[in-house]
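Just so it is clear, the model here is predicted, and its values are computed rather than measured. Every chain is numbered from 1, with letters handed out A, B, ... down the list of sequences.
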Amino acid sequence: MSIEAKEEFRPKIVAFCCNWCSYAGADLAGSSRLSYPADVKIIRVPCSCRVNPMFILRAFEKGADGVIICGCHPGDCHYTTGNFYARRRMTLLFSMLDFIGVESGRTRVEWVSAAEGVKFSATMNEFVEKIRSLGKNVRLEDLRCQNV
Amino acid sequence: MTAQKKQAEQIKEISGVNPLKCMKCGKCSASCPSYNEMDIKPHQFVSYVINEDIEALVHSKSLWKCLSCFACIERCPRDVKPGKLIDAARQLVVRKKGGDYLSPDEMAQLLDPEIPQQLLVSAFRRYRR
Amino acid sequence: MKYSYYPGCTLRNKAKALDDYARASALALGFELEEISEWQCCGGVYPLGSDEIATKLSSVRALNAAKEKGQDLVTLCSACHHVIKRVNDDMKNVEDIRTRANNYMALEEPYAGETTVLHFLEVLRDRVGFDRLKEKVVHPFTGKRIGAYYGCLLLRPGRILEFDNPENPRIMEDFIRAIGAEPVLYPYRNECCGGYVSLKEAELAKGMCDKIHKSASGFGADMLITACPLCMYNLNKSQTGGLPVYYFTELLARALGVCEACGNSREEDGEVTSL
Amino acid sequence: MQRVGVFVCHCGSNIAATVDVKKVAEMALMEPGVVHAEDYQYMCSEAGQARIQEAIREKQLTGIVVCSCSPRMHETTFRTAAQRAGLNPYMVEIANIREHCSWIHKDMEEATKKAVLLMRAAVAKVNLNTPLRPGESRVTKRALVIGGGIAGIQTALDIADAGYEVDIVEKTPSIGGRMSQLDKTFPTLDCSACILTPKMVEANAHERITIYTYSEVEKVTGFVGDFTVDIRKKARSVDMNKCTGCGVCQEKCPSKKTPSEFNRGLSTRSAIYTPFAQAIPNVPVIDREHCIKFQTGKCGVCAKVCQAGAIDYEQKDEIITQKYGAIVVATGFDMIRLDDYDEYAYSQSKDVVTSLELERIMNAAGPTKGHLERLSDGKAPKEIVFIQCVGSRCADNRGKSYCSKICCMYTAKHAMLIRDKYPDVNVTVFYIDVRTPGKNFDEFYRRAVEEYGVNYIKGQVGKVIPQPDGRLLVQGVDLIDNRQILKEADMVVLAAAIEPDPDVRKIATMLTASIDTNNFLTEAHAKLRPVESPTAGIFLSGVCQGPKDIPETVSQAGAAAVKAIGLLAKDKLLTNPCTAHSDELLCNGCSQCANVCPYGAISYEDRQVNDHGIREVRRIAVVNDALCQGCGACTVTCPSGAMDLQGFSNRQILAEVDALCR
């Protein structure tokens, strides 16, 4: 580790939020002025089941340090079952990511309802804290593109 | 930070209680079996801590009247647990040198042959450092 | 069935009877209390301060000893039960306390609340079963009206001790029924006896115990039973016109007919049988 | 290449105070495709919208990004504005720089940086947008109201009066709900039955209202304008068409030990029963669990005594399938169970009752025929204590976090009625706060104190101690006088918290309507759309949305009706064009997408395709736009990547990811 004063690590975090619950929960966190770090940027998707593993891989490839997927609580999905699909897909994806060196702490699925502004903010604060403690992510890169 | 503020912070830290959660319903005082013996009542403890009036708390005789029976802790609808605040204030006193409420010298006259060890141990724990 | 057993300071001394009767009854009921070696006093009161670690270590040692033997830990005195169960909860659920206590202890394997702590009454209820206990009773207390005195330490805080409903407990009443007597429900059975303040504020404790006696006898109780030596002391102190107080284990041993096996018994040993 | 315009809103100081809006606009001009960028005080204002429209026309914009509040707030506003200027409304993207940025960050530099990123993501997305055209779907001109309490009845009446068919589904044998259990109502002390019964009769007689009592909603499919609902009509064992409601069967029924639900278990009823005298319909049901005939096969008294021959032991549950355009939820509430509040001796003494039980005791049709008496010994009480906030406003895990809202007023009502009818009875109320925000509410409470001499004590009760003589010792505190109080009472009344009917969770799941942690249904907007669920076509009436009293419930019921009428009045609805579609060159017809589609919107057809010159017939997935709701489950499942979602395409979302991680 270098001995010079390190610049504060500001992680890049992408949050996929479903339109019906979590995006609304994030809106509620906003209108209730419940702050969380600016490192979190939200992408709106219709449902957590719209999140393609490809999106998450792309985020890590482009230098993201953490990715969180937020959906409605189990049983409360606007499309009835979408969040169950998301949960199953992400369980697989995350274990694979862990295997290739993206620690499991960098990925998360969280259920946040439209009424849970407090939970949204708390979750984001906690997630950012976690990512900060993990430090910068190894960037997923296509080795064939590197200059050897 | 003033001394009082510092002590208030200490009480909050030792007790792990957030006094701001109190809604002033008084259920603690309604439940307290020692209520009539106390100069500062259980529900008042909460506002004393909020107002950082710790000087009054540490001199209060309530510290030595609380039975740690947990009735207030069990029934508090706001999870404030006044009993823990009282114990924290007591800790503040006994942890200071000379703050003990019980001295070995007075033991002799307090003892009777029936007293269970448990009583002495408990009293020493609560009253002394 | 063998259980690790934590008697505590008073049961080695002033409340030896509480202990003797329990051990004899346990054998009669088919389980054994194996005293853990080199136990230390639990401290009598649970340290409420969230920053206190050292005062919790004796409980952690006892808990860990039971864990190493792969046994559940049984307590008898209400205070020990209270302290050890709460410390166990801390070790299980409070990360800060767990880390710091383990740092002190430097065990081979850190302790994280793995041991199950049971009060002797819980063993009777959940492991032996009051129905089976009832079958083993040879001298039932038929016709006796007994008030259970719980006090605070067995019950509160209910969410941590998970002993019984803290505002309307039933376990001792069920016990009383099992030994053939009639339980008397009275509202002061979970009110404090005054606890340790009786040392310096004897009058305060006496007033509280008077209320308890009055309430119990008002509802028609002939006697009280308790699991706590301190409650016993306080209740006896204010016995002016009050009810006789017994350890529940004493009645248990008598009901099971194993009293003689105890060897050590109280001076007023004859009293209960003559009741 | 698109020609994109970026519009940055100040939202007064809401955004501009923390985000350097000029900087955001400036940075936007450096983004690919952006040919115009400006900032303005209020983009949503007339003038703001005019600026957008002007820019679209003048700069021939093909897409716009508005950096403003949440799209849930003003997406429609800006889409409509763009459309009026000739732009396809789906060429509009919103960057949420208020709720997700300015309102939660304090540091201007940091917030500006984030706002720029959010703007870039929106620009990246809009660059890939394509014009979309919504389809149309028809509206079934019929409404379903779930719950037959005052909320459901009022909503049904209002919708029916506007000319639409309405069905009410009520799970108990009669409509009327909680209000039918009340004796008097605050703040005017009307008799509850006297004002409710006419409404029940009106609903029953209305030519456009059909009431299904003893029935439950079993299955809901479809979407706004076109729901299909299965209703289970539980077997009543009594023929509704033959029964004359004479009541002889109930009189003669030998099984009379069942606790009466209507009287909160304070009295018993027969196994064949109508819950109360004014029940609608006035046709009894057989409670098969307690019926001797059903349990042992031997009895049949009711069939013997029924002159009309209406008893039918063979009757079976019936499923009714009906189409609806709108659904109103009016499932109401119940009181919480008091098992966890044994310090108040509720389970130890019969003389400790809940307020709803007192309501029944005070009612002439109740267990004591309206005489105020102790349930333990039938004696007239002389001293009554009321305890407020039992399980309301709690932060522990025993109670509810919210204020139940109605207790302060009904307690004042009870206290007043008791003092009025029994002037020798002393009434004490232990309260934490008295909350009376309503028309004539505080005056009502003050009358209880000033005219009726009700003793209000500020402070909670710690314990209710039953005494050997049967009286109750109430140990409370007076926080004003700073003293502990020991008060002997003959009766104690607990103002238990109210909670949504436990079945609401099941119903919300069927309707895919959102629900909060307390099981109250969530409204589309807390302030501006309080009677609509975020799920289109679902409306909220009464306490299922949050605690409220009767006047409030009735006004909300009317509001829900108006919203439902507004929907039913339309012949057609525009459908969401953000639907899935499959690329016929990539699809291999594997059927995986159809397996995950919750709407059955995907089917397969053999189609002639031209794959780079090779013509062949392939099995290809086809999405029915009218059924597809655009969740995107299929897009992720598709192994060949043929399935994509319009408006949220893979390329669009990847572009957003790229922009945010840049």
Does atom [atom1] of [X] have more than 12 heavy-atom neighbours, drawn from other residues, nucleotides or ligands, at distances under 6.0 Å?
X: C:Lys214; atom1: NZ; value: no
X: B:Glu9; atom1: CD; value: yes
X: C:Glu35; atom1: CD; value: yes

Checklist line | Distance-only side-chain donor-acceptor flag, B:Ser68 / C:Tyr196, under 3.5 Å | finding: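 Per modelled atom types, B:Ser68 and C:Tyr196 side chains form a pair under 3.5 Å.
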Item checked: Residues C:Tyr46 and B:Asp87: side-chain donor-acceptor under 3.5 angstrom ->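 Side-chain D/A pair, C:Tyr46 to B:Asp87: absent.
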Margin query: Between B:Arg125 and C:Pro47 (side chain of the first, backbone of the second, donor and acceptor by atom type, cut-off under 3.5 Å), is there such a pair?
Written below: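 Not at all, since once roles are kept as given, no pair shorter than 3.5 Å links the two residues.
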Quick check for you: among [options], which has the greatest number of heavy-atom pairs under 4.5 Å with chain B?
options: C:Lys200, C:Met208, C:Lys211, C:Glu191; value: C:Lys200
options: C:Leu153, C:Leu11, C:Thr55; value: C:Thr55
options: C:Gly43, C:Cys193, C:Cys192, C:Gly151; value: C:Gly43

Search all heavy atoms of [X] against all heavy atoms of [Y] and return the closest pair with its distance.
X: C:Ser50; Y: B:Gly16; answer: OG-N, 3.9 Å
X: C:Thr10; Y: B:Pro116; answer: CG2-CB, 3.5 Å
X: B:Leu119; Y: C:Gly195; answer: CD1-O, 4.1 Å
X: B:Ala123; Y: C:Leu199; answer: CB-CD2, 3.6 Å
X: B:Val121; Y: C:Cys41; answer: CG1-SG, 3.7 Å
X: B:Ser122; Y: C:Val45; answer: CB-CG1, 3.7 Å

Using non-hydrogen atoms and a 4.5 Å limit, figure out which bit of [X] sits close to chain B: side chain, backbone, both or neither.
X: C:Leu230; value: both
X: C:Pro229; value: both
X: C:Ala79; value: both

Can you say whether [X] sits under 4.5 Å from chain C via the side chain, the backbone, both, or neither, judging by heavy atoms?
X: B:Glu13; value: backbone
X: B:Tyr127; value: side chain
X: B:Leu111; value: neither

Check: Taking side chain as C-beta onward, heavy atoms only, is B:Glu74 less than 4.5 Å from C:Leu155?
Finding: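 Side-chain contact under 4.5 Å: no.
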Margin query: Any non-hydrogen side-chain atom of B:Ile73 less than 4.5 Å from a side-chain atom of C:Arg159?
Written below: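 No - every pair of side-chain heavy atoms lies 4.5 Å or more apart.
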Next item on the list: Look up atom SG in C:Cys77 and atom CD in B:Gln117, then write down how far apart they are to the nearest 0.5 Å.
Entry: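 The CD atom of B:Gln117 is 10.5 Å from SG of C:Cys77, to the nearest 0.5 Å.
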Next item on the list: Identify which of B:Cys69, B:Ala71, B:Ser15 forms the greatest number of heavy-atom pairs closer than 4.5 Å to chain C.
Entry: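 Ranked by contacts with chain C, first place is B:Cys69.
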Next item on the list: Take C:Asn13 and B:Gln118, measure what side-chain contact (heavy atoms from CB on, under 4.5 Å) needs, and give me the verdict at the end.
Entry: CA-CA 10 Å; C:Asn13 214 305; B:Gln118 183 190 354; over 6 Å; no
Next item on the list: Would you mind checking if B:Arg75 and C:Glu167 are paired as a salt bridge, meaning a charged N to carboxylate O distance below 4.0 Å?
Entry: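 B:Arg75 and C:Glu167: salt-bridged.
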Item checked: B:Arg126, B:Gln91, B:Lys81 screened by side-chain contact (heavy atoms from CB on, under 4.5 Å) with C:Leu48, the one that passes ->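 Of B:Arg126, B:Gln91, B:Lys81, side-chain contact (heavy atoms from CB on, under 4.5 Å) with C:Leu48 is met by B:Arg126 alone.
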Item checked: Neighbours of chain C found in residues 23-53 of chain B - heavy atoms under 4.5 Å ->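 Residues in range: B:Pro33, B:Ser34, B:Glu37.
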